[in-house]
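As structure tokens, the structure follows; a few thoughts come after it.
Labels below follow one simple rule: chain letters A, B, ... track the order of the sequence lines, proteins then strands, and each chain is numbered from 1.
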Number of protein chains: 2
Amino acid sequence: MSTYTVSQAAAQTGWSPRMLRYLESTGLVVPARSAAGYRRYEPQELALLRGLAELRQGFDVELDDIAFVVRLRRDARLRAAVEHWLAGTAVPAEGASEADWIEWEQRKHERLLAA
Amino acid sequence: MSTYTVSQAAAQTGWSPRMLRYLESTGLVVPARSAAGYRRYEPQELALLRGLAELRQGFDVELDDIAFVVRLRRDARLRAAVEHWLAGTAVPAEGASEADWIEWEQRKHERLLAA
DNA sequence: CCAACCTTACCACAGTTATGTCAAGGTGTC
DNA sequence: GACACCTTGACATAACTGTGGTAAGGTTGG
């Protein structure tokens, strides 16, 4: 079968076995278990683990941040609340043009430097 | 004029002045400044502050989490990367029905409890 | 049946977050 | 000009995150 133990998965993704257990505890990547309780990682989960490492390294994103996005995705009430809050923000919304952002950044400067 | 000093804003939102300064430092709520450098909160920002407190209290959301959503909102590349990662997740996507979620939660139970 | 894996449960530790307090100095109002 | 506010900066700290160990014990494959 094509599933991997925790240390095999670790070897193939660059994480330590310790961290794979930690990731499971946070709910981010939760492998199935064998009859005896051993973690069994599937290829799809290896891809998830690699992607997670890339996100962290490439964008300076915390595990926490990703966990929150996952949470957002499955909790519709929370999602609605956050979107409502964002609507009150001066920050340009989803469809905003690059120009909107530049202008916004300039105003932010004005605000910060105002004297 | 209808703007508020840091302690007036604090009194009306339930935050401490210290926390309002902290929130500014994180970029979440950044008030304008008077000529002498005093923070001037506008009514809209009071609403933002109240909403932030409600999110934290009502949903157990960290400031970090909100800051990340704001970041997601303005960084299209990051947003694309995160969405790509989410696509590989076993978690049902945006348009999923309630039934999908129930089934997913059950499988998660199976995975966690498998023995 | 034994070596090499796996499990959980702890202890440890540096770094960050969220929060308070205090000091030294500028501002504004009566 | 005194008093109540504002500013920044520093120090303090409890809780949490991310990460590493180690120990005591179960599983498995040659």
Please list every donor-acceptor pair under 3.5 Å in which a side-chain atom of residues 55-68 of chain B meets a protein atom from a residue at least two apart or in another chain.
from: B:D65; atom 1: OD2; to: B:E62; atom 2: N; distance (Å): 3.0

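- Looking at heavy-atom distances under 4.0 Å, B:R39 makes contact with sugar-phosphate atoms alone, never a base.
- Checking A:Q8 against B:L63, the closest nucleotide of DNA chain C that is more toward the 5' end is the one next to A:Q8.
- In this structure, A:Y41 and A:L20 have side chains that are in contact, with non-hydrogen atoms separated by less than 4.5 Å.
- Panel note: side chain B:R39, backbone B:E24; no donor-acceptor pair is recorded below 3.5 Å.
- Taking 4.5 Å as the limit, some side-chain heavy atom of B:L86 sits within range of a side-chain heavy atom of A:V70.
- At least one donor-acceptor pair closer than 3.5 Å links the side chain of B:E45 to the backbone N or O of B:E42.
- Residues B:T5 and A:R56 both approach DNA chain D. Their nearest nucleotides, taken by heavy-atom distance, put B:T5 toward the 5′ side.
- Taking every nucleotide of DNA chain C with any atom under 4.0 Å from a non-hydrogen atom of chain B, the first and last of them, 5' to 3', are C:dT17 to C:dG28.
- The nucleotide range of DNA chain D contacted by chain B, defined by atoms under 4.0 angstrom from heavy atoms of the protein and reported 5' to 3', is D:dC5 to D:dT8.
- A:Y4 and A:A9 make their closest contact through CB-N, 4.0 Å (heavy atoms, listed as atom of the first residue, atom of the second, distance).
- Salt-bridge formation is not detected for the pair A:E83/B:R73: no Lys NZ or Arg NE/NH1/NH2 atom is positioned less than 4.0 Å from an Asp or Glu carboxylate oxygen.
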B:R79 vs B:R74, side-chain contact (heavy atoms from CB on, under 4.5 Å): CA-CA, chis, key distance, verdict: CA-CA 8 Å; B:R79 194 165 60 237; B:R74 64 182 189 227; over 6 Å; no
